[in-house]
Structures are given as structure tokens and as C-alpha cells.
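Here the structure is laid out as C-alpha cells; the discussion comes afterwards.
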Amino acid sequence: MALPLKLAADIGGTFTDIVLEQGKKRWSGKILTTVHAPEVAVLEGLQQVIRDAGFKPSDVDVFIHGTTLATNALIERKGAKTAFITTEGFRDVIEQGYEKRFDHYDLMIDRASPLVPRHLRLGIKERLATNGDVLIPLDESAVPALAATIREEGCKAVAIGLLHSYAHESHERRIAELLKPLLPDDVTICLSSEVAPEIREYERFSTTVANAYVRPLMASYLFRLRDGLAQLGMECPLYLMMSGGGLTTLETAARFPIRLVESGPAGGAILASRMAQSLDLPEVLSFDMGGTTAKICLLSDAEPERAHRFEIARAYKDMKGSGIPVRIPVIEMVEIGAGGGSIARVDKLGRLTVGPDSAGSTPGPVSYGRGGTMPTVTDANVVLGKIDPEFFAGGKVKLEIDGAKNAFAEQIGSTLGLKDFWPAAGVAEIVEENMANAARVHAIERGKDIANCVMIAFGGGAPLHACRLAEKVGVSKIIVPLGAGVGSAIGFLQAPVAYEITKSAAVNLDHFDAAKVNQLLKTMAQDAESVVKPAMEKGKPSLTIKADCRYVGQGHEIQVSLPVRTLTNADGKKLKAAFESAYKAIYGLVIPGQQAEAITWSVTSSSPIPKVERAKKAPKKAAPKPLRTRQIFDAAAGKLMSAPVYWRFDMPPGSAIKGPAIIAEHETSTIVGSRFKAEINSLGQIVMEKVK
């Protein structure tokens, strides 16, 4: 029987990446993202790759997709007009936030405005206690007036979030039941008890509003994509990559699109995880640089850090607290506006700055010849000789070197008194320092020594900057995977179908109620498995159970793993011991005699993950003759140097070269710095090590 044919597509801010895979064979391509209708680039790109591989769309067995559309809609405020219904007296929670300044020392800060303006935040009389007692009955007679306001304002989405609905959802469901027949059919309704049933009303309300805000846009896009695939004859299952590193069905993604906000970067983290397993790497720094952003992720024992809280669209110097908080499963990483399209300029103080804004795909960098006038990081790499104009994006985008040079001379060189290639060199150095600083801070916050990590570099831009970034942060070994330019899409193909459900329910660990916890976890497991099981041909999904624990009275939790079995009351002591062990590791002490409690429970259902192919020692082989030589700027040497250009697929496992050199391929090029040597391992990966 023929091996299954799997397809993946990753929509980025500049390029849409397509990967087709059958066993160990892989075909890939890049196409400029069509911002006005993202599905156009996806459909065009996949047809090109499938045709080039000699298949038909109907031959594809599974299609996996990730997109930044939800993220961009939140950042650019291009979602649906949304109303928010909440308990009377609490409509300003989403504007009050944490009731503190995110920058105590800047008197000029402006907070980002909430997604729902105040006149569309509507209160309703009701109040349930945390134990479910009805303190104030739901005023059902008020619902028609709320519906009239929503209709008159032309809202296309409604978020409902009541004070204690994370524990007791009856009032939310009743409001939705009464509201639905009073609104047009195209108005979507989201309940906080479904989107994020967790304590802390600000984050729960914020997540629900964000989900409602992007749901009409995302649902429309996903169903247009589904219809476009059907017209091509692709009737295979379609799965969406989620922020937590698992795949889900189109229907679930359309219902909870907020879970897709970091889907592309999550695919990259999955790729790094699988590589770390195959190479037995204990500590990894994953470096993913695309056209719009750069992402840094730390992995220990091949597992990326995960979290249940994320902040979207930070509006002020990328500072924590200045964005929109959401409670979703997410792979922990730092993301900065440092991509190939990041725009360089001289600011009012005469400083050279890069990003965070990006030229994107339209108009794109100056060298694309599509109307861009501001120089970008990609333009800098073109001027510095690091990008071959003939092979960029597989030869689909012809680059204009003279246009890039003129842009640097006019926009930066004339202002700062820099000539020749030096304005471009300054841009490259600044963007690399920005990424290095983000990596240092991210590692320090997690108590990691970044110098102990092996860097895995992928994305269209990362292999161009990896050596210089490694020098700045003290990393001595870099690995560039096969297909690095479309790394996130490859990660999609390696991800399990998985779904995580979280729910808040306070349980004292010193007086553990095992019956209550078992019933809660059983229901959550059934709900999670109902998403995963239909996607599995055989076998049973695995379960992972965790609890967020704290000392009674504290405001922050630590996550602890639970055994997957029926719990007994004696497990309360074991759970507390595990919590206190983690607490001591973080804070250096435990609090004697203090009671502890579990606040939020998490259940993840996942399909099996295939075993990875282990790297083997490759016999030494001679490197092929270079295709040509090219002048490139080497930052470590501080000058232009002659560098041989090798075609990656001409280099057999075991072949080795010394830098400076360029290893070119269709979707990116790897720059081997003058202080590095490079070797191809048994898996076809480029392994660069600093020369001592």
C-alpha cells in the first residue's frame, strides 16, 4: 500500500508555506500571502506543490493548516463588531484589567482600548454564588431590550460572561437561549463557560470577548477554505494547528478560534521537539525567524514549556501587561517584531531602529519590487550578499538589489553619514541584538543558562542570522533542519491530534474530596476525547492530567501532574507533596502547616506520536565543489569576505566545510560564519559548531 500523502500549509505575515510529504519524501514551496483573502495563496500554493510532485489534489490523505489570521485580526482590530453581556455592575472589568500600570515609571503610557466599547458592554441583573446558590435571580425580562440594542448597533458577535459562570453556567446558557431567536442568524454567541471556564473574571471575560471578536472572520475563512478544497477534489480530513501544539478539527477551530492565535509558532516548537528527541539534546533554544516576527522557545528533555495564559497585541514597547490577556493552552515562547520584513528607519533621536512594524507581503521589502519604499531586514541581507537573488523563494520572487541599495542610501545612509554596505550591516546587527536580548531575558526568567543550549534554527530568516545570534548569546552549536525555510509547516505534520480542557474547581488538598475530583476529571476526559477520537483510525487516545495548586490564600498557582487513574482521598497528600516540592524548587522554601488547594484542573487527550528516526554517525565524505563564490558581510570579522556557495542537496551526509560559506536551498540559505564549521549529519541536517 502507498504511504499516506500529507499536506501542510502555514500562513505567515509575508509568505504562505506549503509542504507535501509521503514517507521520507518531501516537496515544499513558498508563495506570497494574499492578505485580502488568505485562502487564495493557500489554494494556489498547494496546487503548485502537488502538481510539481506529480500528484492530484484528490490524492491527498490529510491536510493540516495553521494561520496567523486570528492574531492579525486582534492586532489590527479588524474583527467583528462585538457586544458583551455580563453581571450588572461588572461591565468595566475588561477595561479596569489588573487595576495597575504596566509601566510604573512612564507617565505618558496609553492603555490599549478594549475590544468592546463601553456602550456595548451591557449589564443584566443576576448573581450566583460560587457554590451555585442563587443570590439574585436572572432577570429574563431584560433580554429583549439587550437584543434590541445589539440589533440596532449592527453587532455580529456577542460574548456572554457572568461573574461565577466558570463554576455554574446555567444563567449564561439561559441568556443565550433567550437571545438567539431575537438576533439575526449570522450573529455568533460565545459563552465564557465554554471558552474559558476558569477563575479570574478579567482574563475569562477577555478571552471570551476575543473569541467572539474573531469568530465570524475565522469561521468564514475556514469554511471558504473548506469549500475551495472541495472544488479541487480534496475531500480529505482538514485539521487546524492550535497554540498548545495539538491538532483539532475544523469545526472545533471555527467554534474556538482563539486557540489558533499562535498556531504557526507552535508548529515550529513541535519541529524543534522532534529534532531534540532524535538527536538526544537535553537543552534546546528554538529560533524561528520568518517574514514578520522572530520566535524564541526553550525546550528541556525535548519538551517545550507550556502555559495557560498568553497576551496578544502588546501595544506598548512589547511590554507585559499592555496587550489582551487570554486563557488558552499555549507553548511558552517570546515573540518579537524582528522578521525579514521588519522596517528599518532612523528615529527622531537619530537612532537606527528596526521593527516592530513589517512591510509584510504587500508592498513587501523594497527588493521585492512591489512598491515598498522603506528598507527592511530582507533588503539588508540582499545588500550584504547573504541572499541569492536568483534562488530566493525557490526563484518565484526576483529581487532587485539596486532598489534595496538606494533605499538604504536615501533612508539611512544619508542621515547617519554611512556609505556602501554599512547601513545594511547596522540593520542586521541591530535586529540580531534585539533577538539576542529577547533570548537572554526569556532564559533568565526561567532560570536557564542559555550557553548550555543547542540552537535549532528554522524559518526563512533564522539560518541567515543563526551564527551571529549564537555568538551573541554564547551558544556554540547550531542545527538547521531539512526544509528549514518551511519549518513550522513541517512541524504541523509531526503534531498529534490533541485537545485540552481546563476548568476551575477549588479542592482542598489537606481534606481531599476524591469523589468530586474523579467525577470532574471523568467529564473533562470524555469531552476532550470526543474531539480526538473521531480523528483516530484505531487505538485509544492518551490522557494527561494536571492541576494548578497553591497555598490557601495565595494568588498564584504552580502546575502539578496527576496520575491517570481513579484517585483516592490519600492522593491529596501525594498531590500536596508534589506541589510543595515544586514550590521549594522555585521559592527555596515551603510553608509548614499551611493548607494547600488545587484551583484549576487540566485534561489533555492526545493521539499517539510516531517514533522519531535517531541520528547515526555518518562516515566522512568530501564536500562537493561550490557552485560559485560571493562576497558576504561577516559581522564577526567586521568586513566583506569571499564565501563559497554550496547547494544543500549536493552535500551528502558526512561532508563538512568551514566558514565563511553559504549553503543555499529553495526556501532559505544557511550562512556559516567565519568562526564556524558545518557538517551534514545522517538525517541531512546542517550541524554548525563554533571553531575553538
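Sorted by first and then second residue, the side-chain hydrogen bond (donor to acceptor under 3.5 Å, both in side chains) pairs with a member in residues 406-420 form an empty list; sequence neighbours excluded.
Side-chain contact between L238 and L240 is present, with at least one heavy-atom pair separated by less than 4.5 Å. Between W27 and V19, the closest side-chain pair of non-hydrogen atoms is not below 4.5 Å. Two residues are said to be in side-chain contact when any heavy atoms from C-beta on lie closer than 4.5 Å; C467 and I478 meet this criterion. Residues L279 and N681 are in side-chain contact: their nearest non-hydrogen atoms beyond the backbone lie under 4.5 Å apart. The closest side-chain heavy-atom distance from V334 to V441 is not below 4.5 Å. The side-chain heavy atoms of L627 and D650, taken from C-beta on, include a pair separated by under 4.5 Å. Residues I479 and L281 meet the side-chain proximity criterion, which asks for heavy atoms closer than 4.5 Å. The side-chain heavy atoms of H465 and V377, taken from C-beta on, include a pair separated by under 4.5 Å.
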Exercise. Should V691 and R675 be marked as a side-chain contact (heavy atoms from CB on, under 4.5 Å) after you check the CA-CA gap, both sets of side-chain angles, and the distance that decides it?
Worked result: CA-CA 6 Å; V691 179; R675 297 177 181 174; 5.6 Å; no
For this session: Any chance you could lay out the side-chain contact (heavy atoms from CB on, under 4.5 Å) test for Y368 and T14, step after step, and finish with the verdict?
Result: CA-CA 11 Å; Y368 285 13; T14 304; 4.0 Å; yes
For this session: Evaluate the salt bridge (Lys or Arg N to Asp or Glu O under 4.0 Å) criterion for residues R226 and E39: first the C-alpha distance (whole Å), next the side-chain angles of each, then the deciding distance (0.1 Å), finally the verdict.
Result: CA-CA 9 Å; R226 180 194 61 186; E39 73 276 7; over 6 Å; no
For this session: Evaluate side-chain contact (heavy atoms from CB on, under 4.5 Å) for M234 paired with L46, printing each intermediate quantity in order.
Result: CA-CA 11 Å; M234 284 180 59; L46 66 86; 3.8 Å; yes
For this session: Could you walk me through whether Y646 and V672 pass the side-chain contact (heavy atoms from CB on, under 4.5 Å) test, one step at a time?
Result: CA-CA 11 Å; Y646 298 89; V672 184; over 6 Å; no
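Rounding to the nearest 0.5 angstrom, the gap separating the CE atom in M242 from the OG atom in S263 is 10.5 Å. In this structure, L229 CG and H65 NE2 are separated by 9.0 Å, a value rounded to the nearest 0.5 Å. Here the CG atom belonging to L416 is positioned 6.0 Å from the CG atom belonging to L352, to the nearest 0.5 angstrom. Note that NE2 of H442 and CD of E332 are 6.0 Å apart. Values are rounded to the nearest 0.5 Å. Between S28 atom OG and D52 atom CG the span is 10.0 Å, to the nearest 0.5 Å. With rounding to the nearest 0.5 Å, the separation of CD in Q48 from CD1 in I18 is 9.0 Å.
The two atoms that bring M374 and D379 nearest to each other are O-OD2, 3.9 Å, heavy atoms only. Contact between L285 and C453 at its shortest, heavy atoms only, is N-CB, 3.8 Å. Across A622 and S655, no two heavy atoms sit closer than the pair O-CB, 3.9 Å. G341 approaches T378 most closely through the heavy-atom pair N-OG1, 4.2 Å. Taking both residues in full, the closest heavy atoms of I632 and G385 are given as CG2-O, 3.2 Å, listed atom of the first, atom of the second, then distance. Counting all heavy atoms, side chain and backbone alike, A9 lies closest to V42 at CB-CG1, 4.1 Å.
A salt bridge does not link E400 with R370: none of the charged nitrogens is closer than 4.0 Å to a carboxylate oxygen. Here D59 pairs with K56 in a salt bridge; the nearest charged N to carboxylate O distance falls below 4.0 Å. No salt bridge links E432 with K472; every basic N to acidic carboxylate O contact stays at or beyond 4.0 Å. We find that K477 and E689 are not joined by a salt bridge, their nearest charged nitrogen and carboxylate oxygen being 4.0 Å or further apart.
Residue L271 is tested with V486, D288, I490 for a side chain to side chain contact (heavy atoms under 4.5 Å, CB included); the sole match is I490. Tested against C297 for a side chain to side chain contact (heavy atoms under 4.5 Å, CB included), the candidates S286, P265, S273 yield a single pass: S286. Only one option out of M455, M688, Q685 pairs with V480 in a side chain to side chain contact (heavy atoms under 4.5 Å, CB included); it is M688.
With hydrogens and angles disregarded, a donor-acceptor distance shorter than 3.5 Å links the side chain of S243 to the backbone of E262. A donor-acceptor pair is defined here as one N or O able to donate and one able to accept, closer than 3.5 Å; such a pair exists between the side chain of S358 and the backbone of G360. Distance alone, capped at 3.5 Å, is enough to place a donor-acceptor pair between the S361 side chain and the T33 backbone. Of the possible polar contacts, none joining the R648 side chain to the G483 backbone as a donor-acceptor pair under 3.5 Å is found. A donor-acceptor pair is defined here as one N or O able to donate and one able to accept, closer than 3.5 Å; no such pair exists between the side chain of S669 and the backbone of A664. Side-chain atoms of T34 come within 3.5 Å of backbone N or O of A37 as a donor-acceptor pair. The main-chain N or O of A425 is never found under 3.5 Å from a side-chain atom of E429 such that the two would form a donor-acceptor pair. S682 places no side-chain N or O within 3.5 Å of a backbone atom of A615 that could act as its donor or acceptor partner. Formation of a donor-acceptor pair under 3.5 Å by the S488 side chain with backbone atoms of G264 is found in this model. Remark: side-chain polar atoms of K25 are not paired, donor with acceptor, to backbone N or O of A53 under 3.5 angstrom.
Defined by atom type and a distance below 3.5 Å, a donor-acceptor pair is missing between the side-chain atoms of S278 and R274. With 3.5 Å as the limit, one finds a donor-acceptor pair spanning the side chains of S674 and D634.
Scored by the ring pair (Phe, Tyr, Trp, His ring centres under 6.0 Å) test, F421 finds F633 as partners (sequence neighbours excluded).
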